[in-house]
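Following: one structure in structure tokens, then a few remarks.
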2 protein chains.
Amino acid sequence: MKQVRSSEWTGAFKQHRLRLTKPRQLIVDVLGATSDHLSAEEVYLRVHPKYARIGLTTVYRTLDVLVRMGIVSRLDFGDARSRYELVERSGKPSHHHHLVCSSCKRVVEYDDFMDEEVKLIKKLEKALSRKHGFGITGHVVQFLGLCPACKTLARA
Amino acid sequence: MKQVRSSEWTGAFKQHRLRLTKPRQLIVDVLGATSDHLSAEEVYLRVHPKYARIGLTTVYRTLDVLVRMGIVSRLDFGDARSRYELVERSGKPSHHHHLVCSSCKRVVEYDDFMDEEVKLIKKLEKALSRKHGFGITGHVVQFLGLCPACKTLARA
DNA sequence: TTCCTTGCAAAATATTTGCACACCT
DNA sequence: AGGTGTGCAAATATTTTGCAAGGAA
């Protein structure tokens with residue numbers, strides 16, 4: 001039932017001594033308003049109508065800041081650009097992974113068997129941390145394949 | 001105990017009606033001779049001394065072909081370039097995943113609890129395939145974190 | 001006022017494409 | 001011969017950086 005309330009991430013900004021500027025607010029808003037996995041440019045295009053003097057550079061830099069603060073996840077679906085999603089967004093399963101069509105790059109979020117996944121991931125994190133001395137901060141679990149539409153096309 | 005014997009991938013080439021050229025052979029050789037995860041340019045640099053007229057373009061195109069044939073895996077460790085490894089190489093656990101240092105990009109291959117991982121992955125593949133109609137062709141499982149050296153640096 | 005942020009322009013990087021020539025089968 | 005494969009050069013696309021000006025605290 002968690003969601004991104006303003007107080008949560010604005011607080012994080014204060015903790016990190018970062019400033020709460022209009023571009024930053026708008027970028028978080030845009031990410032909170034969609035279930036898409038936006039690229040930097042797509043974020044830019046959605047902020048632009050509301051704040052025309054935003055620059056693409058700022059979007060890149062802000063997304064970077066948000067990722068480092070743990071507010072946003074950087075995703076890679078094999079098209080050549082990074083994509084971003086809020087870690088906690090209302091109406092989204094709190095923990096989920098992605099199923100990606102290698103052809104059209106369509107992405108399905110799934111949370112089936114997530115308990116088992118999380119349990120195994122935790123166990124592995126502990127084992128790998130002990131064995132290799134890494135401080136583990138995250139994981140990527142993704143399935144790749146062809147979505148129904150692309151499967152059909154491939155048959156033709 | 002499988003390994004890349006010439007007969008295996010040369011056969012694959014014949015099946016796909018692709019030609020067995022010197023650049024292609026050398027590229028597979030280079031990948032087979034290392035346990036590193038090479039980028040396209042690194043492959044190019046290692047082939048170049050043995051075959052000076054190789055071009056970087058050819059390396060990109062060949063790697064692409066090899067990936068599509070399932071002989072090579074394309075990997076992404078979060079530095080901006082794709083990296084490649086032979087799917088089957090002698091002296092490597094046949095199935096493994098990666099633990100990546102987000103700072104220095106050092107990569108550790110692990111195969112702990114791989115039985116459990118594979119079992120869960122199989123189950124998920126089946127469930128996702130049924131639920132979303134995808135033809136699933138692969139998966140990415142990766143842990144991210146800070147290696148011992150980078151952890152120490154971060155403390156300073 | 002202080003110094004974090006921003007935007008522009010230009011740079012850096014990785015990868016792809018057009019095209020003429022070379023080469024395998 | 002005939003189509004596949006190659007290399008060069010140029011084009012694309014994404015992301016990063018330098019720097020002067022703007023703005024939050």
- Task: Indicate yes or no: does B:Arg46 engage B:Asp36 in a salt bridge with an N to O separation below 4.0 Å.
- Result: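 Yes, this pair counts.
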
- Considering only NZ, NE, NH1 and NH2 on the basic side and carboxylate oxygens on the acidic side, decide whether B:Asp64 and B:Arg74 come within less than 4.0 Å.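 Looking at B:Asp64 and B:Arg74, the cut-off is met.
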
[X] side, atom [atom1]; [Y] side, atom [atom2] - distance, nearest 0.5 Å:
| X | Y | atom1 | atom2 | value |
| --- | --- | --- | --- | --- |
| B:Asp112 | A:Lys126 | CG | NZ | 14.5 Å |
| B:Tyr84 | B:Ile27 | OH | CD1 | 10.5 Å |
| B:Ser103 | B:Lys151 | OG | NZ | 13.0 Å |

- Item | Contact letters for nucleotides 18-25 of chain C, in which S counts primed atoms plus P, OP1 and OP2 and B counts the base, heavy atoms under 4.0 Å | B----SB-

- Item | Distance-minimising heavy-atom pair for A:Ala40 and A:Val59 |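 Shortest heavy-atom contact: O-CG1, 3.4 Å.
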
Expressed as a whole number of angstroms, how long is the span from [X]:[atom1] to [N]:[atom2]?
| X | N | atom1 | atom2 | result |
| --- | --- | --- | --- | --- |
| B:Arg81 | C:dT16 | CZ | P | 15 Å |
| A:Tyr44 | C:dG7 | OH | P | 9 Å |
| A:Gln25 | C:dT5 | CD | C1' | 14 Å |
| A:Leu56 | C:dC8 | CG | C1' | 11 Å |
| B:Glu42 | C:dT15 | CD | C1' | 15 Å |

- First-last contacting nucleotides on DNA chain D - partner chain B, under 4.0 angstrom, heavy atom: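 Under 4.0 Å from chain B, the extent on DNA chain D is D:dG2 to D:dA9.
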
- Which sits closer to the 5' end of DNA chain D, A:Asp64 or B:Thr58, going by the nucleotide each is nearest to?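 Nearer the 5' end of the strand: B:Thr58.
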
- How would you label the contact of A:Tyr51 with the nucleic acid (heavy atoms, under 4.0 Å): base, sugar-phosphate, or nothing?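 It contacts sugar-phosphate atoms only.
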
- Task: For A:Ser82, answer base if it contacts any base atom (sugar-phosphate contacts may also be present), sugar-phosphate if it contacts only those atoms, and nothing otherwise; contact means non-hydrogen atoms under 4.0 Å.
- Result: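 Contact class for A:Ser82: sugar-phosphate only.
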
- Would you say B:Tyr60 reaches C:dT15's phosphate, i.e. side-chain N/O to OP1/OP2 under 4.0 Å?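 Result: yes.
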
- Task: May I ask you to check whether B:His98 and A:His139 place their ring centers less than 6.0 Å from one another?
- Result: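 So the answer is no for these two rings.
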
- Query: When the aromatic ring centroids of A:His37 and A:Phe77 are compared, is their separation below 6.0 Å?
  - Reply: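 Close enough - the centres of the two rings lie under 6.0 Å apart.
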
- Query: Can you check whether A:Leu38's main-chain N or O pairs, donor with acceptor, with A:Glu85's side chain at less than 3.5 Å?
  - Reply: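 Not at all, since once roles are kept as given, no pair shorter than 3.5 Å links the two residues.
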
